[in-house]
Structures are given as C-alpha cells and as structure tokens.
Amino acid sequence: MGLPLAITATGLVTGVGLNAAASCAAIRCAIDNFQETGFMDRGGETILGCEVPLEKPWRGKTKLIKMAAAAINEIIRAKPEVNLAETPLLLCLAEHSRPGRLIDNDAQFFLNLQQELGIEFSDQSLVIAAGHVSVAVAFKHAREMIYQQGVKQVLVAASDTLLVAKSLAHYEAQQRLLTSENSNGFLPGEAGAALLIESARNHPGGVLKCEGLGFAVESAHVDSEEPLRAEGLTAAIKASLSDAECEMGDLDFRITDVSGEQYYFKEASLALSRTLRSRKDKFDIWHPADCIGEVGAAQGLIMLSVLKAACEKEYSLGDRMFAQMSNDDGKRSSMVFAWSKES
C-alpha cells in the first residue's frame, strides 16, 4: 500500500458502555445489554433491543447528536493537542434509503452536531451516508486528505439507531428482525463512535494500521432473488489484500458486521472459502453485534475500536487481521489491518 493509516484514539457510546474502554471490555467478555424495548412485534411480544442509557431520556435526532458528541468528546479528552479547527470530520450516517432514517437533512445535522460540541471543524469535512461501509469510505477519503492534501489528522464519527418504529416495522415485515415469530434475524441497537486517524508513518510502533482497502458491489444482495455466491465481498477482500500487498493466508483472524442473519454468515463463509488458498488450522471470526445489536453506520467504527483494544490489551488472535462490512443494498468493503508493537 505504502500509504498506511494509524488509528490513534477511539471513542464509543454503546448499550454496553459509555466509553471505549467499557464497551470493548464488555464485548470481550461477551456481555450484552439486550432488554425489552417499548416496541411490540406482530405476535404481541415485546421486541428486545440494546439501548444506550444516557443521563436523560433523549430520543430521535437529539439522541443521535448526543451519542456522536459523547464519542467525539472522548477523543478530544484523550488528544487535547489536536487542532480541531484544522481537522476534517467525516460523519458516517445511515443510508438515505433505509426505512425509518431519522435524519432528513444531513447538512443541518452536521451543523447541529458542531453546535453541540461548540466546535467548527475544517471545511474539508464530509457527511458519508453509506451505512456499514461508511467507515471504509471514510478511510479512503482520509488517506487522500492525509497523503495528498497534507492534512495532519482526520476525525471519523458515526451515530445511528435501529430503535425506530418505522425501521422495526419494515424489518419485521421483511422477516429480518429477531422476534417471537422469527429466529433468523437481528436485534436492534444504537451507538455513537469516533476514531482519530493519522499517517502511520509518524507512528512506527504501538498502533493499529490500516494497510489495505477494497470495495465492490454484490448483485445477490439480501433483498434480491439471486443465489448468493459472495462475489461482491470476495472481490472487495481481494482488492484490500492487493492494496496491502499480502494474501489471506498471511492474516490471523477477521472481524465482521454480521448481526444474526443467516444470509450474512453464509456470505462471510463463502467469501473466506474463495479467498483463503493456504491451509490454516484456525481462522476465527469476531462479530461484536452479538453484544450491541445492529447499530447501522456505527457498526464499522465499533469493530475497529474492538480491534485496537484487543491489540493494545494483547488478547487479539494475531498481529494481522481484516474487517469486512456489507450493506443491504449490495455495497461491500474490506479493510486489512496490522498491529505494530512498540519497538
């Protein structure tokens, strides 16, 4: 690749912790916080979900802003030396096509978030409304900003929730929500997340480095009638391996955004079988959504925060790994990471 990016700070607000350390520790211990929500399924049973317990009962766009601001503030406290006025904020949000999406004006939401924080970020800031794959798209933009435009660091943030009546009704009708009448589905959640990204060239050791990015589109997406062969995810993974100048056999494990649906587990399995050419006794798969539920655009940032914590606390399953993300609309992304220890 030659253009590695380092994740130098993380901030999280999830249903299992109100900061990155607490959230990652709970996920490591497989602790979840699935409780009865105020929503009912068609069978008359309460839908389970993972709600973020903030200090006040905020709802809607206000809660999305509060979660994003809390995650960003965690990074600001950890890195007070960062000049935020010169730092682009890449804000990851739900796809515009997702039923029940709370944000009707992305630009206004961005302005409201700045007002909540009392900060005006660089005018190079962007809103990336691409759901799960938003984080990979953000890294692509960050790479260009850092290595071609001379930006010192980039802040990536996300906030999303599936605990919305219209969203839940849609996914239940599609038989994709885990309910009393459907076992093949996901549990809804919500979260805010943030990452600080810098050039890895300035951090030779003790950082999680993104070395490869890959993107593709799957024609046999979850809502299509086509047979799944995981061609899109396979292409994205191959592109990220090529970008990182390595092979799947060089990696030690993977982390994914799968949140309970058989379709996405099958896709992950098929993609691995089509990209792993050398024999490995074990190639583990991590899926943090088991603990926090389906949290939309924040899912990818949480996955990378979990990887960073695992490497720093020395419980990762190796020093090289990849993350894969899939959208319902067929967009696929893959990211190859390496942990470089302190010299």
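Looking at Asn327, its side chain does come within 3.5 Å of a backbone N or O of Ala130 through a donor-acceptor pair. A donor-acceptor distance shorter than 3.5 angstrom exists from the side chain of Ser159 to the backbone of Leu64, with no hydrogens or angles considered. At least one donor-acceptor pair closer than 3.5 Å links the side chain of Asn182 to the backbone N or O of Leu177. Although no hydrogens or angles enter the test, the distance criterion places a donor-acceptor pair under 3.5 Å between the side chain of Ser305 and the main chain of Leu301. When atom types are taken as modelled, the side chain of Glu74 and the backbone of Leu12 share a donor-acceptor pair closer than 3.5 angstrom. A donor-acceptor pair is defined here as one N or O able to donate and one able to accept, closer than 3.5 Å; such a pair exists between the side chain of Lys280 and the backbone of Gly249. Between the side chain of Asp252 and the backbone N or O of Met321, no donor-acceptor pair lies under 3.5 Å. No donor-acceptor distance shorter than 3.5 angstrom exists from the side chain of Asp160 to the backbone of Leu93, with no hydrogens or angles considered. Within the 3.5 Å criterion, the main-chain N or O of Gly17 finds a donor-acceptor partner in the side chain of Ser23. Using modelled atom types, no side-chain atom of Tyr171 and backbone atom of Leu178 make a donor-acceptor pair closer than 3.5 Å.
Val133 is not listed as a side-chain neighbour of Phe215, based on a closest heavy-atom distance of 4.5 Å or more. Inter-residue side-chain proximity for Lys56 and Leu54 is flagged as unmet; no heavy-atom pair is nearer than 4.5 Å. Side-chain contact between Val52 and Thr161 is absent, with no heavy-atom pair separated by less than 4.5 Å. Proximity of Glu231 to Arg274: side-chain heavy atoms (C-beta onward) are separated by under 4.5 Å at one or more points. Between Ile302 and Ile27 the shortest side-chain heavy-atom distance falls below 4.5 Å. Side-chain contact between Tyr264 and Thr256: absent, with no pair of heavy atoms (C-beta onward) separated by less than 4.5 Å.
The minimum heavy-atom distance linking Asp257 with Gln299 is given by the pair CB-CG, 3.8 Å. Of all heavy-atom pairs between Glu294 and Ser259, the closest is OE1-OG, 3.1 Å.
A side-chain N or O of Glu267 and one of Ser326 form a donor-acceptor pair less than 3.5 Å apart. In summary, the side chains of Asn112 and Glu116 do not present any donor paired with an acceptor at a separation below 3.5 Å, with no hydrogens or angles considered. Looking at Thr87 and Gln153, their side chains do bring a donor and an acceptor atom within 3.5 Å of each other. Remark: the Glu226 side chain and the Ser219 side chain contain an N/O donor-acceptor pair separated by less than 3.5 Å.
A salt bridge does not link Asp328 to Arg98: none of the charged side-chain nitrogens sits closer than 4.0 Å to a carboxylate oxygen. Between Glu86 and Lys152, none of the side-chain N atoms (NZ, or NE/NH1/NH2) sits under 4.0 Å from a carboxylate O, so this pair counts as no salt bridge. The pair Asp243-Arg143 meets the salt-bridge criterion, with a side-chain N (NZ, NE, NH1 or NH2) lying under 4.0 Å from an Asp/Glu carboxylate O. Ion pairing between Glu55 and Lys66 fails under the 4.0 Å rule for side-chain N and carboxylate O. With respect to Glu95 and Lys331, no salt bridge is recorded, no charged nitrogen being found less than 4.0 Å from a carboxylate O. Salt bridge annotation for Glu51-Arg59: present, with a cationic side-chain nitrogen under 4.0 angstrom from a carboxylate oxygen.
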Notebook entry, point to check: Given Phe283 and Leu251, is the side chain to side chain contact (heavy atoms under 4.5 Å, CB included) satisfied, shown in steps?
Noted result: CA-CA 9 Å; Phe283 202 90; Leu251 308 183; 4.2 Å; yes
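A 6.0 Å sphere centred on CD of Glu81 holds more than 12 heavy atoms belonging to other residues, nucleotides or ligands. For Gln262, the CD atom is loosely surrounded, since the number of other residues' heavy atoms within 6.0 Å does not exceed 12. Counted within 6.0 Å of CD on Glu314, heavy atoms from surrounding residues, nucleotides or ligands total 12 or fewer; the atom is thus considered open. Glu181 CD: more than 12 foreign heavy atoms inside a 6.0 Å radius. Counting heavy-atom neighbours within 6.0 Å of Lys140 NZ, excluding the residue itself, gives a total of 12 or less.
Ser183 OG to Gln175 CD: the interatomic distance, rounded to the nearest 0.5 Å, is 10.0 Å. Between the CG atom of Leu307 and the CH2 atom of Trp286 there is a distance of 7.0 Å, given to the nearest 0.5 Å. Remark: Arg201 CZ to Tyr147 OH distance equals 4.5 Å, nearest 0.5 Å. Note that the CG atom of Leu155 and the OG atom of Ser122 stand 11.5 Å from one another [nearest 0.5 Å]. Note that OG of Ser199 is 10.0 Å distant from NZ of Lys209, once rounded to the nearest 0.5 Å.
Among the candidates Asp104, Ile65, Leu102, Val127, the single residue satisfying the side-chain contact (heavy atoms from CB on, under 4.5 Å) test with Phe109 is Ile65.
Using a 30° and 60° split on the angle between ring planes, Phe110 and Phe121 fall in the perpendicular class, above 60°.
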